[in-house]
Amino acid sequence: MPSGGDPDLRVATASAAEPDTQGTRGDGALAVDRLLPWFAEHGRDLPWRDPDAGPWAVLVSEIMLQQTPVVRVLPVYRAWLQRWPRPADLAADAPGDAIRAWDRLGYPRRALRLHACATAITVDHGGVVPDDVPTLLTLPGIGEYTARAVAAFAFRQRVPVVDTNVRRVLTRAVRGRDEPREPATTRDRAELETLLPPDPEQSARYSAALMELGALICTARSPDCDRCPVQDRCVWHRGGRVAGVARRAVQTWHGTDRQIRGRMMAVLRAAEHPVATTDLLAVADDTDQARRCLDGLLADGLATAAAPDPATGAETMTLPR
DNA sequence: AACGCGTGGAT
DNA sequence: TATCCAAGCGT
């Protein structure tokens, strides 16, 4: 269960002392007394939701979950915290170790930023994960979403946490629309703010419940409205689930720089010793593209020039030290 | 404010 | 097979 124990719903229904001026807490589409019981029953038992998971564990999970599905994060997350249980443990190792442990979660720059984040926490914050949104926002790899996720889920604060799931649920259930995937905005956070229950602990659970609803039921491609706890109040469902406009076409994958960079990183991760630069360049047919991609990796700090091979004198590369 | 940035499973 | 999509961030 998400956080153990029965959710305290006493403040879920608007009281005389706390008038429900928005009309959304008690009887709105996303009423607290609908979401929290559903979450308690159906929420996944994920390790970063365990009460024993500290702020560092929550932070690590949030960075890993940026654009990467839960099932792929789980094993890497466990190994990561086993190896680096505190920020200072990670900071003490080379960034290349973080990139290698990151394995194939994708966007390896996140591993680099998480390492930089651990270093900043160690050097600038005494090894303690900051507990306020403004300070969290100063850390590498932590943006508007992740800062609030850490504040809410690790420190149980009453802050609006809006990710792509929450945004989709809000857009559908409250505004009755179905928009293509778009980044969360200040407006989305303001809207969620009006829905959050007054109690901080409960509001943290509420945000987690909204995210879970978007992840399990109110999904982008095929929402399972028949199992939705707020189906009868969802404006989008009541309006006939009108499909939104198609979103801008995404970049085709085959032959992109991203694909080539990915191949080069796979070679670097797998290598026990420095890799000949020519071996990296060989992953692409187009030599101009290969050079451009390798230069990009060097500029990003994901690859580092190493000493020439003693036997051949060939130029070599490694993960950053 | 668009764009670039990995990876792999589902449809 | 091609496309979509998964707890965004930094520039």
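Just so it is clear: chains get the letters A, B, ... in the order the sequence lines come, proteins before strands, and each one is counted from 1. All of these numbers come straight from a predicted model, not from anything done at the bench.
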Distance check needed: [N] [atom2] versus [X] [atom1], whole Å only.
X	N	atom1	atom2	value
A:I63	B:dC5	CD1	P	20 Å
A:L114	C:dG8	CG	P	16 Å
A:R44	C:dA6	CZ	P	12 Å
A:R292	B:dC5	CZ	C1'	14 Å
A:R110	B:dG4	CZ	P	19 Å
A:M64	C:dC9	CE	C1'	16 Å
A:I99	B:dG6	CD1	P	11 Å
A:I260	B:dG4	CD1	P	16 Å

Work out how far the [atom1] atom of [N] is from that of [M], and round it to whole angstrom.
N	M	atom1	value
B:dG8	C:dC9	P	23 Å
B:dG6	C:dT1	P	25 Å
B:dC5	C:dA7	P	22 Å

- Item | Those residues that, when tested against A:R113, pass salt bridge (charged side-chain N to carboxylate O under 4.0 Å, His left out) (two or more places apart) | none

- Using the ring pair (Phe, Tyr, Trp, His ring centres under 6.0 Å) rule, collect all pairs that involve residues 62-87 of chain A, keeping only residues at least two apart or in two chains.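 Listed once each, the pairs are A:W48-A:Y77, A:W80-A:W84, A:W80-A:W102.
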
- Item | Hydrophobic cluster membership, A:I121 vs A:L112, 4.5 Å side-chain cutoff |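 A:I121 and A:L112: separate clusters.
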
Might you list the N or O atoms of the protein lying below 3.5 Å from N or O atoms in nucleotides 7-11 of chain B, with each pair's distance?
from	atom 1	to	atom 2	distance (Å)
B:dT7	OP1	A:R269	NH1	3.3
B:dT7	OP1	A:R269	NH2	3.3
B:dT7	OP2	A:G262	O	3.4
B:dT7	O2	A:R72	NH1	2.8
B:dT7	O2	A:R72	NH2	3.2
B:dG8	OP1	A:R104	NE	3.0
B:dG8	OP1	A:R104	NH1	3.4

- Message: Check whether A:H237 reaches the backbone of A:R172 with its side chain - one donor and one acceptor, N or O, closer than 3.5 Å.
- Response: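 Not at all, since once roles are kept as given, no pair shorter than 3.5 Å links the two residues.
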
- Query: On DNA chain C, nearest-nucleotide positions of A:Q66 versus A:A220: which is more 5'?
  - Reply: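 That would be A:A220.
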
- Is a side-chain donor-acceptor pair under 3.5 Å present for A:Q66 with A:Y145? no

- Item | Donor-acceptor pair between A:R158 and A:Y206 side chains, under 3.5 angstrom |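 Looking only at side-chain atoms, A:Y206 and A:R158 do not form any donor-acceptor pair under 3.5 Å.
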
Could you tell me whether [X] contacts a base, only the sugar-phosphate backbone, or nothing, with contacts defined as non-hydrogen atoms closer than 4.0 Å?
X	answer
A:R148	nothing
A:S61	nothing
A:P140	sugar-phosphate
A:W102	nothing

- side-chain contact (heavy atoms from CB on, under 4.5 Å) between A:V166 and A:V161: does it pass, once the steps are laid out? CA-CA 8 Å; A:V166 172; A:V161 183; 5.9 Å; no

